[in-house]
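When a residue number appears, it is its place in the shown sequence, counting from 1. Note that the coordinates shown come from a computational prediction; the quantities given were computed from them, not determined experimentally.
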Amino acid sequence: MERLQKVIANLGYCSRRNAEKLIKAGKVAVNGETVFELGIKVSKKDVIEVEGIILDRNYNYEYYLLNKPRGVITAVCDDRGRKTVVDLVPTSARIYPVGRLDYDTTGVLLLTNDGVLANGLMHPSSNIDKVYIAKVEGILTGYDVKRLRSGVMIDGYRTSKCHVKVKSVDKKKERCIVEIVIHEGRNHQVKKMIESVGKKVIKLKRERYAILDVSGLKAGDYRKLTNKEIAILYSMISQKEN
């Protein structure tokens, strides 16, 4: 038995928060009866109907790896009519991005309708590696790198310890290429971290997310995850739960 809103989210219909709103609004029925209580639990035998749609409990999950290009919104839809990452993956499934990348940030992005895996990967306790390559205006000093590795204050909180490595330096242009590996996923985090030491990110790419990278994929291209990759991702979140 699981909470109704969790089941709705895991079936890929919407997020758990939105599922709670739908329940409160009387748009969810279980076995033909409208429910309003968030605490109700359901079994696999119960028939769940959301906004007039009966959810398929034998849901087929889909998993896609996208090399996100610049100028695309990391969202399912956009009220301003801009192109979203979901528009780049032609499927009838209700997939959604796992985490987010900024409008001008490129690279690895996972999209799926598997709520269990998505929530597990995004949970703060997962400590999933997120590897970024940043082109930086200004050259990071040894002291800058030390500060970033130890954690810096942004938006009123201190970032966790992380890996930082200066990969190359262009003294003539006063720029450098930096690799940053973080486990958090706060809004504009890498850019704000670099700004905290007086420098500016002018280009940012997520090189790797957990075990996933975009080798062989051009900007805007995608591919399905292999069964092996899915199994490894599940093993990573299972280890954190145990």
Could you check whether E137 pairs with R175 (Lys NZ or Arg NE/NH1/NH2 to Asp/Glu carboxylate O, under 4.0 Å)? yes
Please tell me if the side chains of L117 and Y63 come closer than 4.5 Å, counting only heavy atoms from C-beta onward. yes
Distance col, row L111:CG vs K224:NZ, nearest 0.5 angstrom, shows 13.5 Å
Under 4.5 Å between side-chain heavy atoms, counting indirect links through other Ile/Leu/Val/Met/Phe/Trp/Tyr residues: same cluster for Y96 and L88 or not? yes
Are there more than 12 heavy atoms of other residues, nucleotides or ligands under 6.0 Å from atom CG of N227? no
Of L217, D221, D213, the one forming a side-chain contact (heavy atoms from CB on, under 4.5 Å) with L65 is L217
For a 4.5 angstrom cut-off between non-hydrogen side-chain atoms, does I194 reach L148? yes
Hey, does the side chain of K68 reach the backbone of D102 with a donor-acceptor pair shorter than 3.5 angstrom? yes
Counting C-beta onward and ignoring hydrogens, is there a side-chain heavy-atom pair between K6 and N119 closer than 4.5 Å? no
Could you check R82 against D78 for salt bridge (charged side-chain N to carboxylate O under 4.0 Å, His left out), going step by step and ending with a plain yes or no? CA-CA 6 Å; R82 294 172 294 182; D78 181 64; 3.0 Å; yes
Polar side-chain atom of R206 near backbone of V108 as donor-acceptor pair, under 3.5 Å: yes
Using side-chain contact (heavy atoms from CB on, under 4.5 Å) as the criterion, point out the one residue from T112, L109, L66 that pairs with P97. L109
Checking Q189, K192, H188 against D155 for side-chain hydrogen bond (donor to acceptor under 3.5 Å, both in side chains), the one that qualifies is K192
I'd like to check V89 versus E62 (side-chain heavy atoms, cut-off strictly below 4.5 Å). Are they in contact? no
Are C162 and V181 packed together at the side-chain level, in the sense that at least one heavy-atom pair is separated by less than 4.5 angstrom? no
Can you check whether T159 reaches I182 side chain to side chain, under 4.5 Å on heavy atoms? no
Please check if the side chain of T74 supplies one atom and the backbone of L101 the other of a donor-acceptor pair under 3.5 Å. yes
With a 4.5 Å cut-off on side-chain heavy atoms, are V190 and K130 touching? no
Would you say L110 and I128 are hydrophobically clustered, going by side-chain heavy atoms of ILVMFWY under 4.5 Å? yes
Side-chain heavy-atom pair L204, Y132 within 4.5 angstrom cut-off: yes
